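In what follows, chains are A, B, ... by sequence order, proteins preceding strands, each numbered from 1. From a predicted model like this one, the values you see are computed outputs, not experimental measurements. Below, all heavy atoms of this structure are taken into account, side chains as well, without hydrogens, waters or symmetry copies.
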Amino acid sequence: MSDSDCIPAHQPLELSINGQRHQLQVAPWMTLLDLLRDQLDLTGSKKGCDHGQCGACTVLRNGQRVNACLTLAIMCDGDCITTIEGLADDERLHPLQQAFIRHDAFQCGYCTPGQICSAVALASEGRALSRAEIQEGMSGNLCRCGAYGNIVAAVEEALPQMIASDQGGPRA
Amino acid sequence: MIPFAYSKPTDVAGALQLAGPDSHFIAGGTNLLDLMKENVAQPQRLIDITGLPLREVTATASGGLSIGALVGNAELARHPRIEADYPLLAQAILAGASPQLRNMASSGGNLLQRTRCAYFYDSAVPCNKRAPGTGCPARSGLNRNHAILGASQHCVAVHPSDMCVALAALEATVQVQGPAGSRQIAFADFHRLPGEQPERDNTLADNELITAIELPAPRFAEHVHYLKVRDRASYAFALISVAAALRLEGERIGELRLALGGVAHKPWRDPALEARFQGQPATSATYTQIAQAMLSGAQPLAHNAFKVTLAHNAIIRALGQAQRRQGATA
Amino acid sequence: MSAQAISGQPLDRTDGPAKVTGKARYAGEYPAEGLLYGSVVSSAVAHGRIRHIDCQAALALPGVIEVLHHGNRPPMAADDEPYEDDDAADGHPFRPLFNDRVLYSGQPVALVIAENLELARYAGSLVRVEIDAGSHQTDLCAARDQGYDAPAELPKPRGDFAEAFNAAPLRIDAQYSTPNEHHNPMEPHASTVIVEADGSLLIHDKTQGTQNSQAYVQEVFKLPKEQVRVCAAFVGGAFGSGLRPQYQLALAVMGALKLKRSVRVTLTRQQMFTFGYRPRTLQRLQLGADADGRLLAIRHEATGQTSRFEDFSEHVVEWSGMLYRCDNVAMAYQLVPLDVYTPLDMRAPGAALGLIGLECAMDELAEQVGLDPVALRQVNFADSNGNEGKPYSSKALRECYEQGAERFGWERRNPVPRSQQEGDELIGWGMAGGVWEAMQMKASAKARLDADGHLWVSSATTDIGTGTYTVMTQIAADAAGMAVEDITFQLGDSSLPTAPLQGGSFTVSSVGSAVRQACQVLRSKLVTLAQARYPALAGEPADRFVVADGQLQVGERRFAFADLLQGAGDDALEVQITAEPGAKREGFACATHSAVFVEVRVDEALGTLRVSRVVSAVAAGRVINPKTARSQILGGVVWGVGMALHEQAEVDHNLGRTMNHNLAEYHIPVNADMGEVEVIFVDEPDDIVNELGSKGVGEIGVVGVAAAVANALYHATGRRVRDFPLTVDKILG
């Protein structure tokens, strides 16, 4: 399809992002990540590798953590997406966001939104309880600054709180 | 990636109707989109199959389990029947990729993962698998991660999946549907060795769609172990992996299944060898003989001779662990 | 004045809320009216000349605006000087899209500019670049005979190494090697060039020096200074990769100048492997010692790779002349030019490499002497830097050895290799020392107290994750006698007061000194002003003056700033200061030190090694923020573990190309790779190094870790692996 007039037309897409409904037109080749960042100016979800190898783009799709860089936007029709911008309740930070600050679980901050979204899902998956399980469960999110120890500490602290208040789940 | 048309059929017949020479089915997309971004895959049409009714895990008449092609990897690994009756499969799935990717990846798609060979992935350099006839730079270049068994002059790539190694050991069957109807492919016949046609990873015919993976009635729910050795503790492809399953009769091997990952263009199994060791004592001396036999045909390249030793040790370790284990998942 | 110093307290990061909510914007995230997206087309060969670039198919696509290459780019400087940035190596700097020469594989040869990113990338795949390929060499080992002495001046040899070494009763002569490593910050390099209404350029760039990038753009494209402003409010990691303006900046500016439209260029992860990196080195360590372990002779020789156009040199071998006392020392440092890009400073440049050789060799020596590795180092403790013949301004390395060893439980170590085992795992304990220079650069800062009583402190420095926003706020709070909540520190803008590149662990000492002075002067100006306006205050001592709640408070009395300032005929009180290294430093050597203790668990049958425990004891002077400083050391340890076990660029020398150019196969540690890490900051008062007494912590955490891991591997298995990283194939029993 290298003919100039063959670039496929935009197609309609409806999805909910952080509780807000969006009716959009997207080219099929647009990833969810580029839709969020370039079209909707939700730049909290980061592009670290664009190939599912770093986790910086992690968002919640219908409550499950996924790599937005390997998700075609058009395939999310009807879905509920939660990004880092949708975690705080107005000005009140999510317990994980607070724990990340308290434990200095980031430095440059670029992997942080993905780490936090990933940890929110980790809590709702309900499988990671021990330190080793948290470490394995957070290994899909690279941190080049090397904040891993503090990330684990933050997650360890916030997990019980999230499970108790069911804040691990998706926000439609 | 190149521009493509997109459609989302709601039934299998509709999906097959749309399929053509330049189309590609997409489900999780974790590997396909990656390849499209690298211009390794260049479909002109994507057929989104996530709307097809292939999400069920159901019991089969023979006491086995049928796994719909769209069942997610994470979901499958945590399925109560898989955890209870096929723990080897659960272990293998959880050893692969990351939690995010396992949420996205489908069961059918996992079978279609393409090699991580660096030359295959870099469309600026030659590769017989990606561009037949251009050559294989890995043979004389970087081949630490490459095959020690079953390679050809044309390709030394290895299959990257963990899940498939367990499926090979469990003798799964792949259900496919295509323009010519549906058929079953034994797992051992699904992936192929590179031979003269390294561009072909498997024996699917044109426009055939995987609809389900069928597991036979559980025979190895207790003494199993999936061992994966990689360059970091998690989120890395296997250097070597071993799916080991034993049925013990007293202190002897009643039945043995053994599949290796990271060694060949497909999960590596040798049913004749497995049969030969039936009735042998379940001891490390036997496991050493098994390892030697399994690797007797190994032909390492310049940088991967260590894989022969590693695979040897990993087989012994995995069988020993399987023997000691009592049905636990993790 | 606040009763308790803010410095020294574990304040949460002031930029924390912005980072955890996704509000912090990085270089490639600024929107702009009509923004265009650039995609870089790269060379697949390592050496050659471009014969032809066919852009037709790309340009035919609706939405593709331009394809820039050497044949149609806007004018740019031809001579070297404009390209020589603040961290340039000796030689001829790389000039992106300058001419038809291809100097390395991955070199940018064209830039496609389109209305959206995916289209630009697709169009890039349609650009046909025909290159007449020449022969190439990318293998340091194969070209070693073409090495020459690095242009950097080494410390003069002292004593007579050869004689002392040959006469020494105990000798170590060992060779070590390390691979190319890439910075790979999580944020890929990006530049958003916004063309303002007046035609000037506002550039959001991923950089460790906004003024470095500003000067580069201005000089390379011959623009008036006021036409170029470079900002970097948030930088998603850099570790040295932002010390030089990278090619995406030049390319984005070219696009903006040519099209008079705003352009963003973001590199792909693959392209993050196509500029500076930590170079591969080959090292030889020769140590001679007496029977008690006293060092009689040291020789450290290193060979590093460089490009054919620049001589990149770093301090690899110098550390061997300064960490221990020794009278006979010789050093050699050679470079080998290859068809590659020029290497670049990468976290603890030089030291992270040189200390691998030195500290592994010291471990080998300890065994030969029959002395505990810590004891060997204590025997050879140096009070002065032998390279310079100057005493250290402070050096609490003994305390690092002692406190680190105690916390680790080192005294329980059985020196015999293979003496600890649990199940399938052999357990080994190893240690190493670390050293890094405590530098200070000239830097400026401005303090401005506005009518609302809010203090704005600013400098053109950056915060690459180090905590600059936070610690500068703390320093300002103490110097101005104000609460943290009433202070905002501004950075990452070339229009702010001059600051050096953020690197080398010298930001606190350099910018922090300027911030402190500016705030101190501001405060005394405030007192003078108040006393002039309100005669009743004339006798009040300065420390009675408190700035809080938008007022000046003196005892029970309150004065509104607005009134105070109005009297002075100004809307704010402002001070700008330039701080320079103190004269006190001159007779002294200044350095940070560390002792790192590591436990590894090795499964020999599977070749796997797990770092289960680390204690890093650091002497870095006064710590401004123990929380963020600890994080720097924790991060450094992760880097050290990566250097020890994971990181290496895999280069196909037939193709002259790095092949594992992604984060799936270029391994950096993941969360599961890290065991428990403890950080100790030992007390190290130092009123010589700078007025803050603070030495910086960005690099020291990395140094020595890889050696400690290798030494622990030896202790676990009895196997010395001298070729880094220590991967499965090398550990396999």
**Item:** Toward chain A, the part of C:Val677 with a non-hydrogen atom under 4.5 Å
**Value:** neither

**Message:** Could you check whether A:Arg37 pairs with C:Glu29 (Lys NZ or Arg NE/NH1/NH2 to Asp/Glu carboxylate O, under 4.0 Å)?
**Reply:** yes

**Asked** Of the backbone (N, CA, C, O) and the side chain (C-beta and beyond), which part of C:Leu117 lies under 4.5 Å from a heavy atom of chain A, both, or neither?
**Response** side chain

**Item:** Note, A:Asn141 side chain near C:Asn671 side chain (heavy atom, < 4.5 Å)
**Value:** no

**Prompt:** Between CE of C:Met186 and SG of A:Cys108, what distance do you get to the nearest 0.5 Å?
**Reply:** 8.0 Å

**Item:** Short side-chain to backbone donor-acceptor contact, A:Tyr148 and C:Pro669, under 3.5 Å
**Value:** yes

**Request:** Find the distance between CD (A:Gln53) and CG (C:Asn662) and round it off to the nearest 0.5 Å.
**Result:** 4.5 Å

**Message:** Taking every non-hydrogen pair under 4.5 Å, which of C:Ala664, C:Gly675, C:Ala190 racks up the most with chain A?
**Reply:** C:Ala664

**Asked** Is there side-chain contact between C:Met674 and A:Ile151, with at least one heavy-atom pair below 4.5 Å?
**Response** no

**Asked** For C:Thr268, is it the side chain, the backbone, both, or neither that has a heavy atom closer than 4.5 Å to a heavy atom of chain A?
**Response** neither

**Request:** Using atom types as modelled and distance alone, determine if a side-chain donor or acceptor of A:Lys46 lies under 3.5 Å from a backbone N or O of C:Gly22.
**Result:** no

**Asked** Side chains of A:His94 and C:Val20: does their closest heavy-atom pair fall under 4.5 Å?
**Response** no

**Item:** Pick from A:Gln39, A:Arg131, A:Met138 with the largest number of heavy-atom pairs that fall under 4.5 Å of chain C
**Value:** A:Arg131

**Request:** Counting only heavy atoms closer than 4.5 Å, note whether C:Thr628 contacts chain A via side chain, backbone, both or neither.
**Result:** both

**Prompt:** Quick check: does any side chain N or O of C:Arg269 sit under 3.5 Å from a backbone N or O of A:Lys47, one acting as donor and the other as acceptor?
**Reply:** no

**Asked** What is the minimum heavy-atom distance between C:Val638 and A:Gly146, and which atoms define it?
**Response** CG2-O, 3.6 Å

**Message:** Between A:Asp38 and C:Asn116, is there a side-chain heavy-atom distance shorter than 4.5 Å?
**Reply:** no

**Item:** Pair listing, side chain to side chain donor-acceptor pair (under 3.5 Å) test, anchored in residues 106-117 of chain A, at least two apart
**Value:** A:Gln107-C:Gln632

**Prompt:** Hey, what do you get for CG (A:Asn150) to CZ (C:Arg630), rounding to the nearest 0.5 Å?
**Reply:** 5.0 Å

**Prompt:** What's the spacing between C:Ile668 CD1 and A:Leu142 CG if we round to 0.5 Å?
**Reply:** 4.5 Å

**Complete:** When the 4.5 angstrom heavy-atom criterion is applied to A:Asp34 and chain C, the contacting part is side chain

**Message:** Salt bridge or not between A:Arg144 and C:Glu647? Use side-chain N to carboxylate O under 4.0 Å.
**Reply:** yes

**Prompt:** Between A:Thr83, A:Asp41, A:Leu42, A:Val152, which has the largest tally of heavy atom pairs under 4.5 Å with chain C?
**Reply:** A:Asp41

**Asked** Rounded to the nearest 0.5 Å, how far does NZ of C:Lys627 lie from CD1 of A:Ile101?
**Response** 9.5 Å

**Prompt:** Of all heavy-atom pairs between A:Gly48 and C:Pro188, which one has the smallest distance, and what is that distance?
**Reply:** O-CG, 3.9 Å

**Message:** Report which part of C:Gln270 has an atom under 4.5 Å of a heavy atom belonging to chain A: side chain, backbone, both, or neither.
**Reply:** neither

**Asked** Taking all atoms of both residues into account, what is the closest heavy-atom pair of A:Gly109 and C:Tyr26, and its distance?
**Response** C-OH, 3.2 Å

**Request:** Give, as side chain, backbone, both or neither, the part of C:Pro10 having an atom under 4.5 angstrom from any heavy atom of chain A.
**Result:** neither

**Asked** Does CD belonging to A:Gln25 count more than 12 external heavy atoms closer than 6.0 Å?
**Response** yes

**Item:** Separation between CZ of A:Phe106 and CZ of C:Arg13, rounded to the nearest 0.5 Å
**Value:** 6.0 Å

